[in-house]
Amino acid sequence: MYREFKHLNLPAIDAEILQFWEDEKIFERSVAQRPEDQAFVFYEGPPSANGQPGIHHVMARAVKDIFCRYHTLKGHRVERKGGWDTHGLPIELQVEKELGITKEDIGKKITVEEYNQACRATVMRYKDLWDELTRRMGYWVDLNNPYITFENDYIESCWWLLQRLYDKRTGNGESLLYKGFTIQPYSPAAGTGLSTHELNMPGCYRDVTDFSVVAMFKVKPEAASAFLFDTAGEDVRILAWTTTPWTLPSNVALTVGPNIAYAKVRTFSPYTGAPVSLILAKDRLPAYFPAENADLPFENFQAGDKNVPYQVEKTFHGKQLVGLHFEQLLPYVSSPELEKDGFRVIPGDWVTTEDGTGVVHTAPYFGADDMRACREHGVPMIGIKDDKGRIQPLVDKQGRFVPEVTDFAGFYVKAEYYPAEVQQAKDFKPTDLLIAVKLKDENKAFRIEKYKHPYPHCWRTDKPVLYYPLDSWFIRASAARERMAELNRTINWKPEHTGTGRFGAWLENLQDWNLSRSRYWGVPLPIWRTEDETEERCIGSVEELSREVDKAVAAGFMAANPFSPTSSPSPTGRGGAAFDLHRPYIDDVILVSPSGKPMRRETDLIDVWFDSGSMPYAQWHYPFENQEKWKRNFPADFIAEGVDQTRGWFYTLHAIATLCFDSVAFKNVVSNGLVLDKNGEKMSKSKGNAADPFDTIATYGADATRWYMISNAAPWENLKFDPAGIVESRNKFFGTLFNTYNFFALYANLDGFKMDEFNVLPYERRSELDRWIISKLYNLVAEVRTAFDDYEPTKACRAIETFVDEHLSNWYVRLSRRRFWKPSPRSVGEGPGAGLGEDKTAAYQTLFECLMVVGQLAAPVAPFFADWLYRNLTAPVKDTARAKNSPLRHDSVHLTDLAQPDPSKIDAALERRMDYAQRICSLALSIRQKDKLRVRLPLHKLLLPVVDERFIAEVDSVKNLILSEINVKTLEYLTDASGLLKKTAKANFKTLGAKLGKDMKDMAARIAGFSNDEINALEKNGMLAVAVNGTTYALTPDDLLVTTEDLPGWATASDGAITVALDVNVTPELLAEGMARDLVNRIQNIRKDKDFNVTDRVIVTLERHPAILPALEQFHDYIKGETLATDLVLADDVLDGERVELNDEVTLGIEVVVN
RNA sequence: AGGGCUAUAGCUCAGUUGGUUAGAGCGCUACACUGAUAAUGUAGAGGUCGGCAGUUCAAAUCUGCCUAGCCCUACCA
C-alpha cells in the first residue's frame, strides 16, 4: 500500500525525515557511497558561534546545501567539513562588555591569560543553537569534525603559510611578508590604533568645530615657475586649506589636480595688506573673492579695508604647477633630502574643487592619501631621527609636538588631550589657533576661520583620533596584483558583476594587506626579532620552534623547552603538546639569534581574515597531515557566502592561494544578498523586525522556507522576507505536489497498483497525453540540470513549479482523472498492462515516473519533502527493488542517481500539438463563460478556421482531449475552400524592419488594410510586390502575421493565430444530457458529503420532477455508471434525502444510501 | 566621496539578439469546475516599464545625465 494522508503537514514531514536521516546515517552514506576520486569540493566559510543565528543564515546555508546535494545526486563525493571562526574583534568586544573591562585593563585588572580564557569560553557559546539550526533546516555539513581556528593545529598551518610568504621573494628580492608602517587611526589618549570597525561604531563620527587655515606657500623663482612671475620680485603664493593646522609644520608638498584649472590672482594680503599674487583653483575663486571686488581700484586700497580688490591675471592647468618648489611654511625641521626633493607641487587625481582651494596641503605622516602621494612622487618624509636612525613624526605618541618644533614643543595638538582644567582655563588657546596666529603674524595666512565638520573619535576615550604612522606587518599583496586579477578572471562569479566590478575593480587598486593587530585573542605572529632589529626569524611549525627553543635553552635564554613532552611544564604550567600557542604563553618563548642575541616575538597578532583565508589548508592541518586529502580538495569547486564577504573571506582565500600556490582557491562562487524584512528594511533586534529562524521552520517547515527563499528571487538579490510568501510556496507548490501524490496513492491502492520497474509499458504504447507529460518531464530534467550547473537555483525552482502546477496537476492529472476513476477491465495474462488494462497501467506508470523525477529534481532545495515523496513512492516495492538491485532500491532520494536528460523522450511536435489543445480549450471555455453556458451542458460543434494543413493534422491528433475537456460533440475545420474565412494581416516587424527602415510605418498601415485576395495571392505565389513611398518591396509570407476574423453568426474567440468558434445552439437532447451531468454531480457531492467510500455501491432515489425526466429517460445507465448506483428510482416524495438546488428554477429531493 | 547593485500592476517577480496587445503568481471582484483540492479555470479591475534627453523606421530593452533605495570601501585637505 502507498501511504495516504489527510492533510499536508510539512513540520511533521520534517520531523519524520530528520529522524530517519539520523537513524540511517543518510548524510554520511550519501558522501561515502561516492568515489573519492570524483570529488566536488566545497568549502564552508565558518560562522562565529558567539552570536545567535538569524534567518539570513538559513538563506546562506540553503544556497550552500543546494549545490552540495545537487552534485551528490550527480554522483560526486561532496565532503563538507564544518568549521568555527573563533578569533576576532567581535569576540573580544563581547568579552570585554561582559567582564565590564576595557582594553587598558588587560594585563592590569585581568591577566592576558584570564582574558584569553574568557574569549575561549565565549566563542562556542551558541554552538548548540547553531547545530540545532543546521539540523532543523536540513543543512548537511559535518558537525562532528569541524575545524576550529583557535586550535593549535589550525594555528600551526597558518604559521606555515606565513613562513611561506616570508620566504617568498618578489623580483626585487623583497619578502612577501614585511614590516612597515601605515597611516592608521590612532588614539593618543588610549595609546592604541583603532580598526575601521571601531571607527564605524555609532557615535564615533561627530561634528566638531576646528580652526581652519588657508595658508600661503611662497613659490620659489626658478625656470619652471617663471610663467607665474610677471613682475620682478613679485610675491607669488599658492593657497592651501587645512582643517588640521597642527599638521602644517609637517608639510612637505602641495597636491594639485593635473587637469583642474587654476588661476593666478593679483591682490593684497588680507591680514597685512601687502601686495601678493595668489594661486588657487579657478572654480574656487568665488569662495574667496567676491565678484564685486574685482572692479575695485588697486590704488585706493589701504591695509585693513574690508573689501580687498583683486584681478585674475591668468589661468592654467594644474600640471603646469607640478614640480614647482616653494619655501617651507614652518621651517622647524628639514633635511638635505627634503631640500632637494621636498617642498614642491605634486599631482593627485583625487583632488577636487568642492571646497578648499583645489590645492591640498600634504603631510605624509598624518594622512593615508598624503603618504601614498608622497611615496609615489618620491617626496621624502619629514621628521626627526630616533636612535636607530628611523625618521619619527613631529608629533609623539601622546599627541604632543616634539622639542624640535620649538614654538610649540610639548603642546598637545588637539585641545581635548589636555586635562579638563587646562582646557577650561580662561586664557587657554588650542594649539591649532596658536599656529594660525603665528602664520597670520608672519604673513603666511590668507584666511582663518572656524569650521564645523565630522571628525572620528575614539570610542573608548571619547577623544579625537589622529591619523598617525604605526608599525605593522604587511603581506605584499600588491606584488601579485596582476596575477590575482588574471586568476580572478577564471572564476565563475554569481552574479558576474561582483567578480568584475566589486571584486575585480578593487583588485586593480590593491594595496598591501595590513596583517598586524595589537590585540590578545588571535593567531600570534610567528616572528622573533632581536632588540636592535638586525636579526629576525619567522617560524613555520611547532617542531621548528621547539628546535629553536632547545638552542635558546642551551644559550641560557630559556629555562626549559615547554614543547618537549619530556620537559617539565613551562613557567605557565602547560607543557608538551598542550602548550597553548596563544598569548601570553607564546610571548614567554625567547629564541637565540645566529649571533647569540636573544630574540623576542613581535607582539602583534594577525588579522583574523588570515585565519579564514587559510582554511583550505588549515582545516586539514596541511602540510603536517592529510597531504593527499588536501591535494584532492584544492581548490574548491564551489563556495558561497554573503556579498559582504567579497573583500573579506573571498579576498583572503584568493590572496593566500595566489601568493602561496599560484592558484585560485575556488572555481565557482555565489555571493548572496541580504535578507531584509518585508518592507525592505534591514532586520535588527533593536527594530524588532528580525524573523526567528526556529519559529519560521517550526511553523512552515524547512522546505517551504527554503523553497520560498530560493524561488522568490536570485540568491544575490536582496530578499524581502515575508512569511506570506512561505505560505504561498507551501500551498501552491508543496500543496499541489502533495495532492498529486495523494491522488496517485488513493487510486493505486484501490486498484492494487504497484510500480514494477521491470515491467514498464514502452512509451510508444502510451497515450498522447502520457507521452506529452513525459516529454515535458525530460525537458524539465534538462532545464533544471542546466540551471543548477549554472548556479541558478531560482531558475530551477521556477521551472519545477511550472511543471508541477501547470503541466502535471492542472493538465495531465485533470485530463487523466477519468482514466484512474473508471473501473478496470481486469484483464488477465502476463506483461505490462495485464490486470489493470493497458491504458490504466500507462497512466499509473507515467504519473509515478513524473513524481519520482520531480522529487529528485526538487531534492536539493526541498530535501525533506523530496525524501518523504521518494520513500512513499518506493516503500511498497522496496523489498523487491533491493532483491533485484533496481533503481528504486535506495533508502533515500539523496542516495539515488539523478535522472539523466534523454532527448529520445522529448517530442517537440507533440508539445506543440498539446499547446494548441490547451489554447483551443482555453478559448472555448472563455466563450462559454461569456455566453453563460456552463461546462456540464454539452454543445454540438467547435469550428476552427485554419490557414494551413499542418495545423489540421496536429489538432486532429489531440481532438478527443479537446472535445472531452470542453464538452463538445464534434470538431470541424473551416478552410479557405469554404469561402467563409475572412483574414486579416499584420506586419511582421521583425522581418520587415531591417528591409524597410523608414518605410516601416507606412508599410504596416498598408498591410493592415490588405484584402482577403491580397493575402491569398501572397500565400499562393509566395511573393507580393508592394509599393510604399515610391519604393517597391517584395513581401514573402513570413512578412505577414495572418489571423482570421470573427465568423458572423458564431460565438468566437481568438489568441494569436488561433481562432475558435462555438456552435451555441442548445437542443433538447443536449439539455437532457447536461441535466444528466448535473444530476451526477449532485449525487457525487452527496456521496462526498456523507463520507462514503469511493467504491461504495449506492441506491439513488430522485424526486419526480418534469425537468429531469428527459435526462433520466435518455441517460439512465450513464447516471448509474458514474455514481456507482445499483438502482436509480423515482419517487413522488423523497423524505429522508437532501434538498438540492439543480438550477435557478428547480430544487430537487435526492436520497443516496449505501446498498 | 568612490565602486557596485536595484527601480516593470497594490505585493513578489519574469521579460531572449531592440520588433508593435509588456506577462506570471499572490491579493481584489464576478462567474464556473471539482469523488486529488490549503487546489483549479474564465473574465474584470489594476502599468506615463523611476525621471529627462539621445540613438533608431521601432526603446522596458542600447547610450548619456539625473533621482531614490541598498551594499561595500573611504581620514577628502
Side-chain angles (χ1 to χ4, degrees), chain A residues 7-8 183-185 196 199 212 240-244 247 255 350-352 354-363 366-370 455-456 465-467 495 497-498 500-503 505-506 509 642-644 646-648 673-674 676 678 680 682 711-713 716-718 720 722 724-725 727-728 730-732 734-736 738-747 794 798 801-802 805 809-810 813-814 817 820-821 921-922 925-930 932 934-936 986-994 996-1004 1081 1084-1085 1087-1088 1092-1094 1123-1124:
Chain A
H7 293 291
L8 174 62
I183 309 306
Q184 294 170 45
T196 29
L199 234 42
S212 74
W241 176 62
T242 180
T243 56
T244 53
T247 59
T255 309
W350 40 277
V351 176
T352 69
E354 267 155 42
D355 45 22
T357 62
V359 180
V360 178
H361 141 64
T362 303
F366 305 115
D369 279 343
D370 302 32
Y455 196 86
V465 303
L466 300 183
Y467 288 89
H497 57 75
T498 301
T500 53
R502 190 183 281 226
F503 193 63
W506 184 63
N509 291 306
V643 68
D644 55 346
T646 306
R647 292 169 193 180
L674 274 69
L676 309 168
K678 66 176 175 181
K682 216 169 167 173
S711 65
N712 184 67
W716 39 89
E717 307 280 0
N718 289 348
K720 290 180 193 158
D722 185 355
V727 172
E728 190 180 326
R730 181 188 66 189
N731 293 353
K732 206 166 157 49
F734 292 101
T736 307
F738 166 82
N739 285 329
T740 307
Y741 164 76
N742 232 13
F743 173 86
F744 169 85
L746 175 69
Y747 288 107
T794 307
R798 289 179 182 172
E801 269 174 5
T802 305
D805 249 38
S809 172
N810 193 37
V813 173
R814 193 150 61 86
R817 230 163 28 210
F820 294 96
W821 169 229
C921 287
S922 166
L925 290 171
S926 86
I927 296 172
R928 278 180 171 276
Q929 160 84 10
K930 209 165 28 187
K932 304 251 177 244
R934 63 192 200 285
V935 178
R936 279 195 217 100
K986 226 160 67 171
N988 182 347
F989 281 78
K990 207 161 184 169
T991 60
L992 283 172
L996 293 177
K998 282 198 198 340
D999 293 331
M1000 188 63 223
K1001 262 196 183 121
D1002 295 320
M1003 178 62 89
N1081 169 254
Q1084 298 287 37
N1085 285 346
R1087 287 182 60 115
K1088 199 175 168 184
F1092 291 176
N1093 282 326
V1094 176
T1123 58
L1124 298 184

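Computation of the quantities below employed the complete heavy-atom set of this structure, encompassing side-chain atoms and omitting hydrogens, waters and symmetry-equivalent molecules. The structure displayed is predicted, hence computed values, not measured ones. In what follows, every chain begins at residue 1, and chains take the letters A, B, ... in the order their sequences are listed.
With sequence neighbours excluded, the residues that form a ring-ring contact (aromatic ring centres under 6.0 Å, His included) with Trp506(A) are Tyr651(A). Taking the ring-ring contact (aromatic ring centres under 6.0 Å, His included) definition, one finds that Phe503(A) meets it with Trp493(A), His654(A), sequence neighbours left out. For Phe734(A), the ring-ring contact (aromatic ring centres under 6.0 Å, His included) test picks out Trp707(A), Phe865(A), with sequence neighbours left out. Partners of Asn988(A) by side chain to side chain donor-acceptor pair (under 3.5 Å), not counting sequence neighbours: none found. Remark: Ile927(A) engages Asp931(A), Ala1051(A), Ala1053(A), Val1060(A), Leu1062(A) in a side chain to side chain contact (heavy atoms under 4.5 Å, CB included) (not counting sequence neighbours). Under the ring-ring contact (aromatic ring centres under 6.0 Å, His included) criterion, Tyr747(A) pairs with Phe743(A), not counting sequence neighbours. Taking the side chain to side chain donor-acceptor pair (under 3.5 Å) definition, one finds that Arg814(A) meets it with Asn810(A), Glu965(A), sequence neighbours left out.
Nearer the 5' end of RNA chain B, as judged by each residue's closest nucleotide, is the contact made by Asp805(A), out of Asp805(A) and Ile183(A).
Of the side-chain N and O atoms in Ser922(A), one or more sit less than 4.0 angstrom from OP1 or OP2 of U42(B). Residue Asn1081(A) has a polar side-chain atom (N or O) positioned under 4.0 Å from OP1 or OP2 of U34(B).
The distance from atom NE2 of His497(A) to atom P of G4(B) is 11 Å, rounded to the nearest whole Å. Here the P atom of nucleotide U6(B) and the CH2 atom of Trp716(A) are 12 Å apart, to the nearest Å. Atom CG of Leu925(A) and atom C1' of U42(B) are 7 Å apart (whole Å). Between the CZ atom of Arg814(A) and the P atom of C33(B) there is a distance of 13 Å, rounded to whole Å. Note: OH (Tyr747(A)) to C1' (U34(B)) measures 11 Å, nearest angstrom. Per the geometry, CG belonging to Asp722(A) stands 19 Å off P belonging to G25(B), to the nearest Å. Distance Trp506(A) CH2 to G3(B) C1': 12 Å, rounded to the nearest Å. Distance, Lys986(A) NZ to G19(B) C1': 11 Å, rounded to whole Å.
Distance from the side chain of Lys990(A) is smallest to U17(B) among U17(B), G41(B), C13(B). Picking from A36(B), G25(B), G41(B) the nucleotide with the shortest atom distance to the side chain of Lys732(A) gives G25(B). Listed candidates were U40(B), C13(B), A77(B). Nearest to the side chain of His361(A) is A77(B). Out of U40(B), A77(B), C13(B), the shortest distance to the side chain of Thr244(A) is found at A77(B). Taking only side-chain atoms of Arg730(A), from C-beta outward, the nucleotide of G41(B), G19(B), A38(B) with the closest atom is A38(B).
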Q) Can you give one letter per nucleotide of nucleotides 57-71 of chain B, 5' to 3': B if a protein heavy atom sits under 4.0 Å from the base, S if only from the sugar-phosphate, - if neither? A) B------------SB
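From Leu746(A), atom CG reaches atom CG of Asn739(A) across 11.5 Å, with rounding to the nearest 0.5 Å. A distance of 5.0 Å separates CG in Leu996(A) from CE in Met1003(A), rounded to the nearest 0.5 Å. Taking CG of Asp370(A) as the start and OG1 of Thr255(A) as the end, the distance is 6.5 Å to the nearest 0.5 Å.
Counting non-hydrogen atoms under 4.0 angstrom, Asn810(A) reaches the backbone sugars and phosphates but no base. When heavy atoms are screened at a 4.0 angstrom cut-off, Tyr741(A) is found touching no nucleic acid atom at all. Contacts of Gly735(A) with the nucleic acid, taken as non-hydrogen atoms under 4.0 Å apart, are absent. In this structure, Val813(A) reaches the bases: a heavy-atom distance under 4.0 Å links it to at least one base atom across the strands shown.
In terms of polar N and O atoms assigned as donor or acceptor, the side chain of Thr247(A) never comes within less than 3.5 Å of the base of A77(B) in a complementary pairing.
Under the 3.5 Å distance criterion, the side-chain polar atoms of Arg502(A) are left unmatched by any main-chain donor or acceptor of His497(A).
Rounded to whole Å, the separation between the P atoms of G41(B) and C72(B) comes to 42 Å. Straight-line distance between the P atoms of A59(B) and G50(B): roughly 15 Å, to the nearest whole Å. Of the C1' atoms belonging to U67(B) and C26(B), the separation is 30 Å, rounded to the nearest Å. When the P atom is used for both G4(B) and C65(B), the distance is 12 Å, rounded to whole Å. Going from the C1' atom of A74(B) to that of G3(B) covers 11 Å, rounded to whole Å. Nucleotides A30(B) and U61(B) have their P atoms positioned 38 Å apart, rounded to a whole Å. On the C1' atoms, G54(B) is 26 Å away from G69(B), given to the nearest whole Å. Taking atom P on both nucleotides, G46(B) is separated from G10(B) by 10 Å, rounded to a whole Å.
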Q) Does the pair Thr794(A) and Glu717(A) meet the rule for a side-chain contact (heavy atoms from CB on, under 4.5 Å), with working shown? A) CA-CA 11 Å; Thr794(A) 307; Glu717(A) 307 280 0; over 6 Å; no
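Helical stems in RNA chain B, defined as runs of 3 or more consecutive Watson-Crick or G-U wobble pairs with donor-acceptor distances under 3.5 Å: B:1-7 with B:67-73, B:10-13 with B:23-26, B:28-32 with B:40-44, B:50-54 with B:62-66.
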